[in-house]
Amino acid sequence: MRAFSEMAKEFPVRYPTRQAIWTDYHLETNPFKEYARAWGVCMAYHFDQGVSFQSWIQLVEQVKKWIESRSKLEEIIKFERFYEIGEDFFLQEKPPYDGGYSASMYEEFLYHRSCEPAPWFWRQIARLHRRVAGALRSLRNGPKDELIARIIHATFIKPYSHLFWRDDEGWAVYWPNIGVDDVREWERLSAT
């Protein structure tokens, strides 16, 4: 496992954009083109804002494991792969603007009346919400479960920009909606 600085020597980065948890970069070239789904831009997410990457990735894995352990969710929700997980970064394809709509875009499109989703979208989002809400009832075993339930709700029930509708393929999530406070709470709960 290597650090971001080592990775950036092999794959030069550009266009840094500071976020609450990380700084994201475009890789100058995509070394993982054979895996690209949309337009093939690979991103590096460097955890340089004081948030533990290890704690964040643990939360991602907890959410993913929970979803994939429920067949009714696993059949309609797919996690987009991380091309590489390092000590303080991960690499992943940039979410497409033309390869699917994020769950947060529909409200904007409808408000501006610039796009109406396919009629079956509403059935699919209702099915997603129904299945997630039903499965969430099983998460009642303490503070860690409550945190995971909040993250799942923020990712799959509320509009979220990294949850994409893939038409007949269901839903693709790039990463769960995990904030700085969620990571800090996970660290506190894991220390006890």
Can you name the nearest heavy-atom pair linking [X] to [Y], along with the distance?
| X | Y | result |
| --- | --- | --- |
| Val51 | Arg184 | CA-NH1, 4.0 Å |
| Trp66 | Leu136 | CH2-N, 3.9 Å |
| Leu91 | Ala44 | CD2-CB, 3.4 Å |
| Pro143 | Leu189 | CB-CD2, 3.5 Å |
| Ile85 | Met1 | O-CG, 3.8 Å |
| Asp182 | Asn177 | OD2-O, 3.9 Å |

Indicate, with yes or no, if the rings of Tyr25 and Phe89 have centres closer together than 6.0 Å. no
Has the side chain of [X] got a donor or acceptor atom that lies under 3.5 Å from a matching backbone atom of [Y]?
| X | Y | result |
| --- | --- | --- |
| Gln54 | Glu87 | yes |
| Glu187 | Ser55 | no |
| His26 | Arg14 | no |
| Asp24 | Gln19 | no |

Do [X] and [Y] touch side chain to side chain, with heavy atoms closer than 4.5 Å?
| X | Y | answer |
| --- | --- | --- |
| Leu147 | Arg150 | yes |
| Phe164 | Glu80 | no |
| Phe90 | Val60 | no |
| Ile152 | Leu139 | yes |

Atom NE2 of His129 and atom NZ of Lys158: how far apart are they, to the nearest 0.5 Å? 11.5 Å
Got a second to check how far Trp186's CH2 is from Asp181's CG, nearest 0.5 Å? 16.0 Å
State which residue, out of Ile21, Asp88, Thr23, fulfils the side chain to side chain contact (heavy atoms under 4.5 Å, CB included) condition with Asp48. Thr23
Among Gln92, Arg81, Met43, side chain to side chain contact (heavy atoms under 4.5 Å, CB included) partner for Tyr174: Gln92
Which label fits [X] and [Y]: parallel for a plane angle under 30°, tilted from 30 to 60°, or perpendicular past 60°?
| X | Y | answer |
| --- | --- | --- |
| Phe53 | Trp56 | parallel |
| Trp22 | Phe47 | perpendicular |
| Trp175 | Tyr45 | perpendicular |

